[in-house]
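First the structure, in the form of structure tokens, and then the observations on it.
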Amino acid sequence: MASYDLIVIGTGPGGYVCAIRAAQLGMKVAVIEKRATFGGTCLNIGCIPSKALLQASERFEEVTHMLPKMGVNVGKPKLDLPTMMKFKTDGVDGNTKGVAFLFKKNKIDPYEGTGKILGAGKVEVTGNDGKTQVLETKNIVIATGSDVAKLKGVEIDEKRIVSSTGALVLEKVPEKLLVIGAGVIGLELGSVWRRLGAQVTVVEFLDRILPGMDGEVAKSFQRILEKQGVAFKLGAKVTGVDTSGKVLKASVEPAAGGAAEVIDADVVLLAIGRTPYTEGLGLKDAGVELDQRGRVQTDGHFQTNVKGIYAIGDVIAGPMLAHKAEDEGIAIAEILAGQAGHTNYDVIPSVIYTFPEVASVGKTEEELKQAGIAYNVGKFPFTANARTKVNQTTDGFVKILADAKTDRVYGCHIVGAEAGEMIHEAAVLMEFGGSAEDLARTCHAHPTRSEAVKEAALAVGKRAIHM
Ligand code: FAD
Ligand code: NAI
């Protein structure tokens, strides 16, 4: 029987990073993956393919809306959707093969099949050919990720009623796309198909988009998306979709109940969140406890209630983000090697890769208010930034929240082109417990969009220069 120091079940960003870090630290490591390629949701059907389509569709739209303003006239763009899809698939392949290369380089044994925990120290792998084998190990890390949350009355067929997975492989641009859920997936993939020509309506249960994001940021972003042509129905719920005709008919009711209206669509995208994935893992028999929301319950050090069995990533509590899973993967590998592995949940950036992007790290204004923390706000609009002005990408602003007494930065929120790159200077600052004054006194290259971050920091002390 093969024997290991560590077996990781699942090779998403949590699992594969954990395996590599553990191998770097001298452990004998195996990974088990039931999908044909490594990289999990993120690389195969999540972060990576969605970003490829966001990139390609943004370029497509730029040809009409931006390039002529710059004197670059290339005529009306013609969509070649199969080639755009190939661009996406090539990008995915490059990334998944990269993980296979890293496993080899780090001498990690990969097992193709479904992993089932037989108890502490024993994992059974059922290969895709049905054959089983049992592996022995000192430690097990569960990194099995998450799956699409379902909605009664809206049955996914991945053709006309799709989850994000189906929305990444549509064979033609729908005339009308109805998105259920104004969260990250709905807004990113809604943006892709709108840019390519679909009429997009987003139905959201709450009276705002992007719950959890800073309220002012969400409001401003909603206005920007509306200007781009996305229609929102907030405070509303889809109670069912009639699939009997050529056109889908969705029944939409006010969230609080009331008269329903019918919205026609060619494709419905269900994007109301994701649920932890633990199917077939044998957790019940192994005695591993789940919390009320079906997530694997862990202590502050990723250990489940069973000694030697740990869990990370989407399958445990916390934001369902690839980099959060990666950080946890590194932390648990270091803990198992006797080091002080740690994930700082106060500084996990979050980015929505639309145009403009939305990026956020740390506390929102709503959270600070609720916690009764006195804070100052520094805000700077991109309309006053030289680089965005000259590039004519002035939508959005930077907002910094700092302690009213100590000036320590609690949060940074940005709507704007390339916000997802800019947010990291705030993240580094916050990791070091820095103040708005520290940021304001850091020299920023001119002309860059990042100068808006410095100006927002200056604005905390009411002394922005260009406003
Ligand atoms: P996963 O990536 O879900 O990987 C789990 C793996 O475990 C899977 O490959 C699965 O096949 C395997 N598995 C499950 N059970 C077993 C078993 N019993 N035996 C063997 N293998 C098993 N996050 C971001 O940070 N940025 C983004 O831009 C982003 N975009 C996204 C876009 C979309 C459309 C979606 C759906 C998600 C996106 N996410 C993004 C979220 C991100 O994909 C997840 O947070 C991340 O993949 C979680 O990593 P993980 O390692 O916990 O699990
Ligand atoms: P989400 O949690 O971001 O948004 C779901 C939305 O659906 C919420 O606004 C919620 O209020 C709404 N909703 C819930 N039930 C509803 C109903 N019955 N009718 C109408 N609206 C309803 O979930 P989403 O967009 O599915 O994404 C899943 C996860 O994937 C997220 O946790 C996110 O972190 C991750 N992800 C991250 C990305 C990124 O980092 N750029 C990109 C895509 C996904």
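Count residues from 1 along the sequence. From a predicted model like this one, the values you see are computed outputs, not experimental measurements. First listed ligand is number 1; within each ligand, the first listed atom is number 1.
By the criterion of a heavy-atom distance under 4.0 Å, both the backbone and the side chain of T41 are placed next to ligand 1. Looking at L151 against ligand 2, only its side chain comes within 4.0 Å, counting heavy atoms. The proximity of I185 to ligand 1, defined as any non-hydrogen pair under 4.0 Å, is limited to the side chain. If you look at L206 next to ligand 2, the close heavy atoms, those under 4.0 Å, all belong to the side chain. Residue-level proximity to ligand 1 for K51 is carried by the side chain, the only part with a heavy atom below 4.0 angstrom. Only the backbone of V351 comes within 4.0 Å of ligand 2, counting heavy atoms alone; no side-chain atom from C-beta on gets that close. Contact annotation: for K116 versus ligand 1, there are no heavy atoms closer than 4.0 Å.
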What verdict does the salt bridge (charged side-chain N to carboxylate O under 4.0 Å, His left out) test give for D395 and K227, after you've listed the backbone C-alpha separation in whole Å, the side-chain angles of each residue and the deciding distance to 0.1 Å? CA-CA 11 Å; D395 273 340; K227 257 195 325 193; 3.3 Å; yes

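The single protein non-hydrogen atom nearest to atom 21 (N) of ligand 1 is K34 N, 3.3 Å, given as residue, atom name and distance. Counting protein heavy atoms only, atom 18 (N) of ligand 1 is closest to G115 O, 3.1 Å. Annotation: atom 30 (O) of ligand 2 to nearest protein heavy atom, R274 CD, 3.9 Å. Distance from atom 7 (O) of ligand 2 to its nearest protein heavy atom, with residue and atom name: G181 CA, 3.3 Å.
Around atom 53 (O) of ligand 1, the closest heavy atom drawn from G46, G145, G10 belongs to G145. Within the set D314, T144, T114, the minimum heavy-atom distance to atom 15 (N) of ligand 1 is found for T144. Looking at C47, S164, P13, S146, it is C47 that brings a heavy atom closest to atom 40 (C) of ligand 1. For atom 11 (O) of ligand 1, the nearest non-hydrogen atom from the set E33, R35, M320 comes from E33.
For ligand 2, one of its N or O atoms has an N or O atom of F205 under 3.5 Å away.
In this structure, A271 has a heavy atom closer than 4.0 Å to ligand 2.
No side-chain donor from either of N139 and Y4 sits under 3.5 Å from a side-chain acceptor of the other.
Taking every heavy atom of both residues into account, V173 and G197 meet most closely at CG1-C, 4.0 Å.
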